[in-house]
Amino acid sequence: MSSSGAFSRADRLLSRRDFQAVFARPRRSRDAFFTLLFCHNELGRPRLGLAISRRRVPRAVDRNRLKRQVRESFRHARPGLPAVDIVVMAGPEAAAAGAGALRASLARHWQRVAAKTQSAEEGGDRADG
RNA sequence: GGAGCCGGCCAGGCAGUCGCUCGCCGCAUGGCGGCGGGAGGAAAGUCCGGGCUCCGGCGGACAGGGUGCCAGGUAACGCCUGGGGGGCGCGAGCCCACGGAAAGUGCCACAGAAAACAGACCGCCGGCGCCGCUGUGCGGCGCAGGCAAGGGUGAAAAGGUGCGGUAAGAGCGCACCGCGCGGGUGGUAACACGCCGCGGCACGGUAAACCCCACCCGGAGCAAGACCAAAUAGGGGAGCAGGCGACGGGCGCGAGCCCGGCGCACCGGUGUCCGCCCGGGCUCCCGGGUAGGUCGCAAGAGGCCGCCGGCGACGGUGGUCCCAGAUGAAUGGCUGCCCCCGACAGAACCCGGCUUAUCGGCCGGCUCCAUUU
RNA sequence: UGGGGUGUAGCCAAGUGGUAAGGCAGCGGGUUUUGAUCCCGCCAUUCGCAGGUUCGAAUCCUGCCACCCCAG
């Protein structure tokens, strides 16, 4: 629970069930590099799941690099995030992007995730689809 | 100094800081702390070869597939080493699917006269007949022949060069070269020989066409497979078999029926079949559980150093080291400094090769050219 | 990660050693008052790419590339 920079297995989506839960009722945040799906969880902390498909990013080196960038960015942004499960998917442009561009993109995504979640909670279950 | 050939190695470095994962230790038990390890030469393509696991075990025949100069190396190979033959290069060196076409079959389009037991379009040659011209001669046309040197076609036209020979020619004869067969010598062998004898020469190409010869190969694959838990044995339904033979026993007047063990048949890994051993009623459908966990899963045909054997690939031996092990998937982010500003690229059961991608750098050996002393 | 398959014109495709069929689409022309139908003609395809075997390769062999399918 120490809110240092740690990022352990408890902070990741580990099973098929976790992923299906996010895919079932997703909120979205998308740009040219990444698509994020997220939804509220009951754990009181954010969790990250990666879904970098081989179709979108053919080379293993690029897939690994993207995953590292996303994890690292998430690790730093984690204290400012609400209790949501987030699935990050990559678009075809992501493989060609530099580290700086990726970080900037991800930072915007984390802000949007926080903002959307907060507004939904303030709105007090204003049931929408 | 320049150009080049071969072999081996490296794959930005250092410091700080924040993280991930595995192992060990400690606290006292699932949280933290300390120490240590943490992608590649190709991890890739999945093109070969093995290990391992399951298909019950072993052997054989055919089918199917693979390999293809010889000899070694190896767990094995389509790999490697050495050698032979052929080709390229002044050279160091490099390249080659390199068995058999006199075992048989098929194919060789178009062109060309003829394309495989050769053939005769143009042509060359003399003979005969007719005709013409300036006379025993020359020319033309025709007929029956001879020839395979020249032309032309073709990817390929049935030894080459020279001399003799002839009507013209021809291995027709001879010399040299080439070729074939038999032998000899050297070599484990492939093969070699400026060793001998025989044959005038007969055998076109294609086997990455069928094929023949020699050797090798069972099938799947870690999503293999094993274990744990209510938990892999069973429940319900349907179908097909419960056969044949001799023998022994029982019942019956008898045809026959019942029982027993034995043999055959049937089923059990691969395309087919056979033999022996082992096991066994068989097949199908229905419902309830599987993206739970553990093992397999990393100490190995292992790396490094030395010695011995070998031209070498490699083998033997002694010492030493432990060197990724994830599983929604770790091996990274940031900052600073330095340099020649960093290529191709990311393990998923493991290993030996091949192939493909790749910025650049280092070391060793060698060749050719130029130059200096 | 492992196993399997396919590449021939814009599309669907045949061909399996000797000039690469055919259809749809497209373009041009003819027929027709116009259109449809019909008729004629046209596709510079290095046959996915690169080597090799052969006199000759889409076809045979080797190595690459791209795409698709199956298995938890």
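Proteins come first, then strands; the chains are lettered A, B, ... in the order of their sequence lines, and each starts at number 1.
Using Watson-Crick or G-U wobble geometry with both donor-acceptor distances under 3.5 Å, B:C32 finds its partner in B:G26. Of the nucleotides present, B:C163 is the one that pairs with B:G173 by Watson-Crick or G-U wobble criteria, both distances under 3.5 Å. Across all strands shown, C:A57 has no partner, as no Watson-Crick or G-U wobble contact with both distances under 3.5 Å is found. Under the Watson-Crick or G-U wobble criterion, with both distances below 3.5 Å, C:G63 is paired with C:C49. B:A61 is paired with B:U272 under the criterion used here, namely a Watson-Crick or G-U wobble arrangement in which both key atom distances are under 3.5 Å. Searching all strands for a Watson-Crick or G-U wobble partner of B:G336 with both distances below 3.5 Å returns B:C14. The partner of B:G93 is B:C88, judged by Watson-Crick or G-U wobble contacts that both fall below 3.5 Å. Of all nucleotides present, none satisfies the Watson-Crick or G-U wobble test against B:C77 with each distance under 3.5 Å.
B:U153 and B:A118 have their P atoms separated by 26 Å, given to the nearest Å. A gap of 15 Å separates the P atoms of C:U53 and C:U59, to the nearest Å. Rounded to whole Å, the separation between the P atoms of B:G225 and B:C55 comes to 9 Å. Of the P atoms belonging to C:U54 and B:A207, the separation is 6 Å, rounded to the nearest Å. B:A189 and B:G82 are spaced 13 Å apart, taking the C1' atom of each and rounding to whole Å. Spacing between B:A39 and C:A13 at atom C1', rounded to whole Å, works out to 48 Å. B:G303 and B:A324: their P atoms are spaced 14 Å apart (whole Å). Comparing B:G319 with B:G45, their P atoms are spaced 43 Å from each other, to the whole Å.
Using a 90° window around 0 for the glycosidic torsion, B:A226 falls outside it and is classed as anti. The glycosidic torsion of B:A144 lies more than 90° away from 0, placing the base in the anti range. Anti is the classification of C:U32, since its glycosidic angle lies more than 90° from 0. Against the 90° criterion about 0, the sugar-base torsion of B:G218 places it in the anti range. With a glycosidic angle further than 90° from 0, B:C172 counts as anti.
One side chain, A:Arg112 or A:Ser29, offers a donor N or O that lies under 3.5 Å from an acceptor on the other.
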side-chain contact (heavy atoms from CB on, under 4.5 Å) evaluation trace for A:Leu48 with A:Val88: CA-CA 8 Å; A:Leu48 177 68; A:Val88 177; 3.7 Å; yes
Residues A:Ile86, A:Trp110; criterion side-chain contact (heavy atoms from CB on, under 4.5 Å); working and verdict: CA-CA 10 Å; A:Ile86 305 171; A:Trp110 305 134; 3.8 Å; yes
A:Val70 vs A:Leu106, side-chain contact (heavy atoms from CB on, under 4.5 Å): CA-CA, chis, key distance, verdict: CA-CA 7 Å; A:Val70 173; A:Leu106 287 165; 4.2 Å; yes
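When distances are taken from the side chain of A:Ala60 to each of B:G328, B:G346, B:A330, the shortest belongs to B:G346. Each of B:A330, B:C18, B:A39 was ranked by its minimum atom distance to the side chain of A:Arg71; first place goes to B:A330. The side chain of A:Glu72 lies closest to B:G332, out of B:G328, B:A39, B:G332.
Taking for each of A:Val61 and A:Leu14 the nucleotide of RNA chain B with the nearest heavy atom, the 5'-most of the two is the partner of A:Leu14. Comparing A:Lys67 and A:Ala99, the nucleotide of RNA chain B nearest to each residue sits closer to the 5' end for A:Lys67.
Looking at A:Arg68, its side chain comes within 3.5 Å of the base of B:G346 through a donor and an acceptor atom. For B:C18, its base sits under 3.5 Å from the side chain of A:Arg75 at one donor and acceptor pair at least.
Listed pair A:Arg54 / C:U1 meets the phosphate criterion, a side-chain N or O lying under 4.0 Å from OP1 or OP2. Phosphate contact (OP1/OP2 of B:C20, side-chain N/O of A:Arg12, threshold under 4.0 Å): absent.
Computed from coordinates, the A:Phe23 CZ to B:A291 C1' distance equals 14 Å when rounded to whole Å. Atom CG in A:Leu102 sits roughly 17 Å away from atom P in B:G332 (whole-Å rounding). Atom CG of A:Asp18 and atom P of B:A291 are 15 Å apart (whole Å). With rounding to whole Å, A:Asn64 atom CG is found 8 Å from B:A347 atom P. Atom P of nucleotide B:C20 and atom NE2 of A:His76 are separated by 11 Å, given to the nearest angstrom. Taking atom CG on A:Asp11 and atom C1' on B:G328, their separation rounds to 15 Å, with Å as the unit. Per the geometry, CZ belonging to A:Arg59 stands 16 Å off C1' belonging to B:G45, to the nearest Å. The CZ-P distance, from A:Phe74 to B:G333, rounds to 19 Å in whole Å.
Looking at A:Asp62, its side chain never comes within 3.5 Å of a backbone N or O of A:Leu66 through a donor-acceptor pair. When atom types are taken as modelled, the side chain of A:Arg75 and the backbone of A:Phe7 share no donor-acceptor pair closer than 3.5 angstrom. Between the side chain of A:Arg47 and the backbone N or O of A:Ala83, no donor-acceptor pair lies under 3.5 Å. A donor-acceptor pair under 3.5 Å is absent between the side-chain atoms of A:Ser73 and the main chain of A:Gln69, judged by distance alone.
In this structure, the aromatic ring of A:Phe7 is not positioned over the six-membered ring of the base of B:G19 within 5.5 Å between centres and 30° between planes.
Counting non-hydrogen atoms under 4.0 angstrom, A:Arg63 reaches nothing in the nucleic acid. If you check every strand for non-hydrogen atoms under 4.0 Å, A:Arg55 touches sugar and phosphate atoms only. Residue contacts for A:Arg65: at a heavy-atom cut-off of 4.0 Å it reaches no nucleic acid atom on any strand shown.
Between the CG atom in A:Asp85 and the NE2 atom in A:His40 there is a gap of 9.5 Å [rounded to 0.5 Å].
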